[in-house]
**Student:** 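Once you've had a glance at the structure underneath, I'll fire off some questions.
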Amino acid sequence: MVGVVQEEGSSSVTSPPLQFFPWMPLSPGIGSPYPWLRELKSEERGLCLIHLLLGCANHVAAGSVENANLGLEHISHLASPDGDTMQRIAAYFTAALADRILKGWPGLHKALNPKQASLISEEIHVQRLFFELCPFLKLSYVITNQAIIEAMEGEKMVHIIDLNSFEPAQWINLLQTLSARPEGPPHLRITGIHEQKEVLEQMALRLTEEAEKLDIPFQFNPIVSKLENLDLENLRVKTGEALAVSSVLQLHTLLAMDDEMHRRNSPSGSKNPSSNHFQRVLKINPNRRTLGEWLEKDFVNVYSSSPDSALSPLSLAASPKMGSFLNALRSLSPKLMVITEQESNHNGFTLMERVTEALNFYAALFDCLESTVSRASLERHKVEKILFGEEIKNIIACEGTDRKERHEKLEKWILRLELAGFGSIPLSYHGRLQANRLLQSYGYDGYKIKEENGCLFICWQDRPLYSVSAWRFRRYD
Amino acid sequence: MATNRFLCEICGKGFQRDQNLQLHRRGHNLPWKLKQRANKEVRKRVYVCPEKTCVHHHPSRALGDLTGIKKHFCRKHGEKKWKCEKCSKRYAVQSDWKAHSKTCGTREYKCDCGTLFSRRDSFITHRAFCDALAEETARVNAASSISNLTGGNMNYHLMGNPLGPSMAQHFSSIFKPNSSNDHHQTRQGGLSLWMSQGVVPQVSEAMGNNIQEIHQLGSMTSSGAIFGDPLAVSCSNTPPSDHYQLNWPVFGNKMPSNNAHEEMSSTLVLPLSKVKEATAASQLVSVPSLYSTQQQQSHQTTSATMSATALLQKAAQIGATSTDPSFLGSFGLKSCSSKVQDGNNKFCGLYGSSPMSTNPESDVENSGNDQISTLDQLQMYSAKRQKTFQSDQDIPAGGQTRDFLGVGVQAICHPSSINGWI
């Protein structure tokens, strides 16, 4: 057994024989794990965990609770939120799977997960930690700001709508760059949206302070609201203003909808209307030959059984919330909308799809943290548990309108936005340059910026993790 | 003399060209409403390019200026009659040619890859993306020997990053509002450490981007490095988000942990071969691992531990190749675990039978299903061929796959039920 494994090109790690794999029948009667489990080298333990996780997820998807329970039990002896990357990932994935099972007993679930106000302030704190520990948000802000500056060249009145306004650094950076503009700074209004009033008050304070220092006419309008409940009329967009929208990891929450109802209601012969959809898109975008070609090529694939169910024509139909939001946005005719989203498909119909995609995505994120922050760090632990852990839980354990973390890949966003009447603006060379400079000046290593069709991807070791794209409202000529 | 047709309504000043009028009007700081021009009914003459294939031939893309359209026509559709004397560039418009010859050869920047630039901004742009080259050299040199630092272009680092200081400080002040002081401190400490080792003039960009950054940082934070107690600074002041590459254990600092020593030596000697299998862990991982050893003792470097992404890829590989008997063993054992009553189940008996209250038949069923569903799952994410796997399951226990549970495992956990389910 050992010999065969090493043939697989394993490292020079001298492994204990694979018979020490812990899928021995661990009856509940046996309390402590076997001591030799700890001697497992991390690589084998990691592989173990992956197999066990997938097996367990299968059980959960199939509804066989007993086997899932056993799987979880097995994993619990190996996983740990304080261990190496794979152990941590396994810990949070099993928590999510267990949460999913527990939802079958709503009383139990509610008893164990009461709604707490203190959790919300933790969540906000953790967002800030994520901003500080990893460069992703910083990069997104830098690219967004560069796109805004370029689009607003020559504009005297600029209005920015920030869909999740919690980090003043983003706009402070913009204020500083604007004040250095050759034609002088514009009159700037920022409308910040957030669920917590205190966060917005803090933003207002910091930003107005900064604007006063730089002598820029500035106004901050706070809007305390959930994104899905946002009434765009409240934004009081004035005529003659140049409008820009900044959406950083927010838009996907609007995809939350009642999937079951949607699936039941769509006609089974949905192929024909959707094919017209695609043909319209092809006609509308004569210049976007790359997209058109892509669509043509995948014309067949989309209707055949594609492994990625999220690309099927069924799911491309906008969720009601997304549809109404995009329509309302269009009515404001923004000059620019910059969207940053996670580059991974966590919106598949089936659980297994989501589990495998999420495993790959969060593995990269956890690796990221592992290589930049020490294992003992409390901040890292918090980010992993409260930010990533909760996202994973939402992806795996929630369904329907509760499942907000509906990340999708950029190719899907492009289709959605184009169908909704937006045209893509290629992100400029300068944005990419700024992002690279940021990486260099902070010495963040292992991160890359990739460009494709005018959109930028922020990658960790060649795996794209976040996509940034810019859009404008497109009038049909 | 051309008339000043375009008049500013605020102060009455006249201009020959509309663009100049607009530029002038900006200076009046008009409130937004008045920014639109009052008399929009005035029809402006616009010019289209006579060349039919040109984009500007269409009236919607017309230009507003006669001189502009003439220049456009010459540039795009004309013959390049003007030639620069010093270099070989040709121009179709005389004013372009004049402007170029003023700056040709006056200032030159040279990247290490050999490209010459006359403009500072294009030089910087190029250098930011010339990282491909820098990585290449980093990889080559890191593999050979770290200590062999050939002379590099220190000048270009300092000269070539004029915007660096302002930009980075820009960023650092914005994006690190709380901990900027700490970071500056550690950075200086790290750099002075480097300098005090006496290898400053021989730094080459071969060490990769890290060194470039450090030098840039060094050049910007303080012209003379603060030769404080670098060890004290970097050892004692390690906030969690401290950047690992600032610690330079390579040059003989005392390590807080023994772990660091052996890991570092291994990474120094063979960074690449060790991480070769970690497919996702490219050479970039080996470089930071040099600097990450000064973390807390429990921290393992990424070269010693496979990253999670690498593990996932490996798991997919193992799934793809069907001859891996660990799978066999795993499924066999799993099915054993959920079985209750099987006469041959002495292996399960070793650990006490799991008090599953469900039927043996249903257990068998479940386990069989488990295998299939897990099997299917593996097929999903690794293009595995089920057939070969099936044929593998027929391998007798006496074959390659024997574990300490003895022959019994394969025989036990190869009940006909398994084959029956496939």
**Student:** Working to the nearest 0.5 Å, report the span between OG1 of A:T85 and CG of B:L311.
**Tutor:** 8.0 Å
**Student:** Is it true that, when you exclude A:H430 itself, more than 12 heavy atoms of the residues, nucleotides or ligands shown sit nearer than 6.0 Å to its NE2?
**Tutor:** no
**Student:** Between atom OG of B:S307 and atom CD of A:Q461, what is the distance when rounded to the nearest 0.5 Å?
**Tutor:** 7.5 Å
**Student:** Roughly how far, to the nearest 0.5 Å, is the CD atom of A:E43 from the NZ atom of B:K314?
**Tutor:** 3.5 Å
**Student:** Which pair of heavy atoms, one from B:A315 and one from A:H51, lies closest together, and at what distance?
**Tutor:** CB-CE1, 4.1 Å
**Student:** Is chain B contacted by the side chain of A:L359, its backbone, both, or neither, given a heavy-atom distance below 4.5 Å?
**Tutor:** both
**Student:** Kindly compute the distance separating CD (A:E183) from CG (B:L23), expressed to the nearest 0.5 Å.
**Tutor:** 9.5 Å
**Student:** Donor-acceptor pair, A:N360 side chain versus B:T309 backbone, under 3.5 Å?
**Tutor:** no
**Student:** More than 12 non-hydrogen atoms from neighbouring residues, nucleotides or ligands closer than 6.0 Å to CD on A:E451, yes or no?
**Tutor:** yes
**Student:** Main chain of B:A308, side chain of A:D367: is a donor-acceptor contact present, judged purely on distance under 3.5 Å?
**Tutor:** yes
